[in-house]
J.: 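Below is the structure I would like to discuss, written out as structure tokens.
These numbers come from a predicted model, not from an experiment.
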Amino acid sequence: MSTRTPRNRLWRPAVAAAAAIAVTAGVAAATPDTKKAAVPPRLGLVAASDSVTLDSWKEEPGVYLDLGTYLTASGAPLELRVTRKSYKDPVVATQVIRQGTRTRTRTLPEGLVKDFSGLPGFIEVTVRDTAGRTVAVRTESFCPNNASGRIDPGAPATSKYPESCPVNPFTLGSVWGVEKGWASNTYAGYYSAPVALPAGKYTAEVSVSKRYRDIFGISDAPKTVKVTVRERSWEEESPAPSPAARSASGHAGHGAGHSAHAGHPATRPPAPVSATTGAGTSYNVGHGPYAPAPAALPWAAARQGLRAAEGDGRGRTDGSRQAPAVRPNAQRPTGRAAVPDVPKPDLRSLPAYGITIGAGDGGAPGRDYLAFSANVWNAGPAQLVVDGFRKPGNALMDAYQYFYDASGKQVGYTPTGTMEWDPRPGHEHWHFTDFASYRLLKADKKETVRSGKEAFCLANTDAVDYTVKNANWHPDNTDLSTACGQENSISVREVLDVGSGDTYTQDLPGQSFDITGLPNGTYFIQVLANPENRLKETDLGNNSALRKVVLGGKPGARTVTVPRHDLVDAP
């Protein structure tokens, strides 16, 4: 049996396609005349079908309750801004109510939202057998960004909201939304756990919990779905189903799934979905970087007041200042290098997380290694754009950083080091050198061990803060196989978008810290962006982040204790 990708991975790139709306204090005050105030969206719970068939696999028993229920938004979009001022402050959720040019806000109850993965306890599911006995009760979170399709032909063709709810423990800001005239799948995907249901017939009742009905004005109208559970076996399939086919049948991605790239977090296979709900293998159930599903809902209600979304325009902040595409320049820059007075990126480091002790894959026998994940992100207000140009017959590319004005026109460039080809299996792409540095510091903050990893293929793996100015909710280069060129590339463009960060998992010898000879005690993992200050930034004073760790144990059996970082308790 092949190895199954863990369903509880923290690293799920959650990124998407238009650009963020700047959040300022008050956003836009409600007009004194309540008749002119923006009206909240009309939200409803619907079931795409009155019956579904779910598969329980003998090799992995249990049924995922993808029942084909959706939250719809009419009249206006459902939009939530979820932020925290710092890691010492709680997470706050604010509803932004938009109608035409009118906007007002309201803060959701304190403590309702505790992280960035969705609205907790939003959906309640009760499953009964044919005798009416309750056999399963489930309460699940809901990510509004699970866009699944339109419910109205006059609705915008695409959803402007991000395609995921981030779960990086050090996320700072997120935007959640159900586009006007759209529906979002209430199934929690990778956040679900299978339910033990023998083959047979059942009835599921799905409802929005009372606290959310009261907050958003949703009617108390549970949906009933007839459920058929059928038992299947991989061995009985002829020919054997592919991983994608098994996922579409409810299996949780047994097999290889998408290829992973060493250093970056592994890309998961699609989330388990039922073949009968129309959801498909989309970000709508996985909170990950999957293409949106087509409008597959077998129903469409004509609702008044639904119009196509307004596009970008001068002075707007929903995409009018996006930087140009990620396609590289075909030739080296010409003219004199210059750093113009235009917006620049602001690279910042997140504290390390996913910290563990291990022998290290391929490490020397008897040695102990400290592995961790690290993220450097771009707080904007401009993209980081770096092009590499190959020297004929040379193993290195010359790298240049590019600068753009507010209209996206290139107005300057400057040399910024090199790019090198990494031929190792799992890499096989061009690495930009000196992007970040990882160091283990003693209690007095003096360096004791440095990671050998300082060259990177830049990709937008994590949505760190989509509420910053000019954040791009739909970055293109989220997949390493397309972000960083091929061996025979003549030029490469690597981009770190505003609001997004790039996570690397330092779990290989030379990347992780060799702690074999270090005494037990307190240390700090330092994540340092732009260590040589070669990249031009808005602010060079916020490039370092520290995470405290305490080493213990004995050689060959070392331990690590990771204290909480302010309010964030994520080892």
Side-chain angles (χ1 to χ4, degrees), residues 1 4-9 12 45 47-71 117-118 120-129 134-143 145-146 148 164-165 167 184-207 223-234 237 241-255 257-258 268-288 290 293 296:
M1 183 182 299
R4 179 179 172 184
T5 303
R7 289 168 36 81
N8 61 347
R9 276 201 181 273
R12 291 196 340 274
L45 182 69
S49 174
D50 59 5
S51 63
V52 297
T53 299
L54 305 178
D55 292 329
S56 176
W57 295 86
K58 291 181 180 179
E59 292 81 358
E60 288 187 355
V63 174
Y64 293 93
L65 296 178
D66 179 13
L67 301 172
T69 53
Y70 300 79
L71 187 77
S117 62
F122 187 88
I123 289 294
E124 298 174 345
V125 181
T126 300
V127 182
R128 299 181 175 88
D129 62 16
T134 298
V135 295
V137 177
R138 174 65 56 82
T139 300
E140 293 189 338
S141 298
F142 168 59
C143 172
N145 293 345
N146 291 353
S148 301
S164 63
C165 289
V167 291
S184 287
N185 197 326
T186 63
Y187 170 51
Y190 275 100
Y191 298 102
S192 293
V195 177
L197 293 178
K201 302 288 187 180
Y202 301 89
T203 299
E205 182 179 273
V206 184
S207 61
K223 300 303 171 185
T224 299
V225 180
K226 297 183 182 300
V227 179
T228 299
V229 175
R230 60 185 179 186
E231 188 178 69
R232 299 174 68 185
S233 172
W234 305 335
E237 297 293 318
S242 66
R246 288 198 296 266
S247 292
S249 299
H251 173 53
H254 178 85
H258 298 287
R268 303 169 313 166
V273 294
S274 166
T276 61
T277 64
T281 52
S282 170
Y283 63 79
N284 60 320
V285 294
H287 296 212
Y290 304 117

J.: Taking the side chain as everything from C-beta on, heavy atoms only, tell me whether Arg230 gets closer than 4.5 Å to Ser56.
T.: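 When only atoms from C-beta onward are counted, Ser56 and Arg230 do not touch, as no gap falls below 4.5 Å.
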J.: Mind checking side-chain contact (heavy atoms from CB on, under 4.5 Å) for Thr224 and listing every partner two or more places apart, or none if nothing turns up?
T.: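 For Thr224 the side-chain contact (heavy atoms from CB on, under 4.5 Å) partners, ignoring immediate neighbours, are Thr203.
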J.: Let me know which of Val125, Val206, Ile123 forms a side chain to side chain contact (heavy atoms under 4.5 Å, CB included) with Thr69.
T.: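 With Thr69 as partner, Val125, Val206, Ile123 yield a single side chain to side chain contact (heavy atoms under 4.5 Å, CB included), made by Val206.
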J.: Taking C-beta and beyond as the side chain, do Phe122 and Thr139 meet within less than 4.5 Å on heavy atoms?
T.: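 Result no, sub-4.5 Å side-chain heavy-atom pair not found.
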J.: Tell me the closest heavy-atom pair linking Arg232 and Asp55, and the distance in Å.
T.: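 So the two residues come closest at NH1-OD2, 2.8 Å.
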J.: Kindly indicate whether the side chain of Asn185, heavy atoms from C-beta on, has any atom under 4.5 Å from the side chain of Asp66.
T.: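 Counting from C-beta outward, Asn185 and Asp66 do come under 4.5 Å.
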J.: Side-chain contact, heavy-atom cut-off 4.5 Å: Thr228 with Val52?
T.: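 No, every pair of side-chain atoms sits at 4.5 Å or beyond.
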J.: Got Tyr70 and Ser184 here, is their nearest side-chain heavy-atom distance under 4.5 Å?
T.: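 The answer is no, as the side chains (C-beta and beyond) never meet within the 4.5 Å cut-off.
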J.: Is there side-chain contact between Tyr202 and Val229, with heavy atoms separated by less than 4.5 Å?
T.: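 Sidechains of Val229 and Tyr202: in contact.
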J.: Given side-chain contact (heavy atoms from CB on, under 4.5 Å), test Ser192 with Glu140 step by step and report yes or no.
T.: CA-CA 7 Å; Ser192 293; Glu140 293 189 338; 2.9 Å; yes
J.: Please lay out, stage by stage, how Phe142 and Leu71 fare under the test side-chain contact (heavy atoms from CB on, under 4.5 Å).
T.: CA-CA 9 Å; Phe142 168 59; Leu71 187 77; 3.6 Å; yes
J.: With sequence neighbours left out, what residues match Glu124 under side chain to side chain donor-acceptor pair (under 3.5 Å)?
T.: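 Expected list: none.
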J.: Are side-chain heavy atoms of Leu45 and Thr186 found at a separation under 4.5 Å?
T.: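 Touching, per the 4.5 Å side-chain cut-off.
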J.: Between the side chain of Thr134 and the main-chain N/O of Ala136, is any donor-acceptor distance below 3.5 Å?
T.: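 Checking the backbone N and O of Ala136 against the side chain of Thr134, no donor-acceptor pair under 3.5 Å is found.
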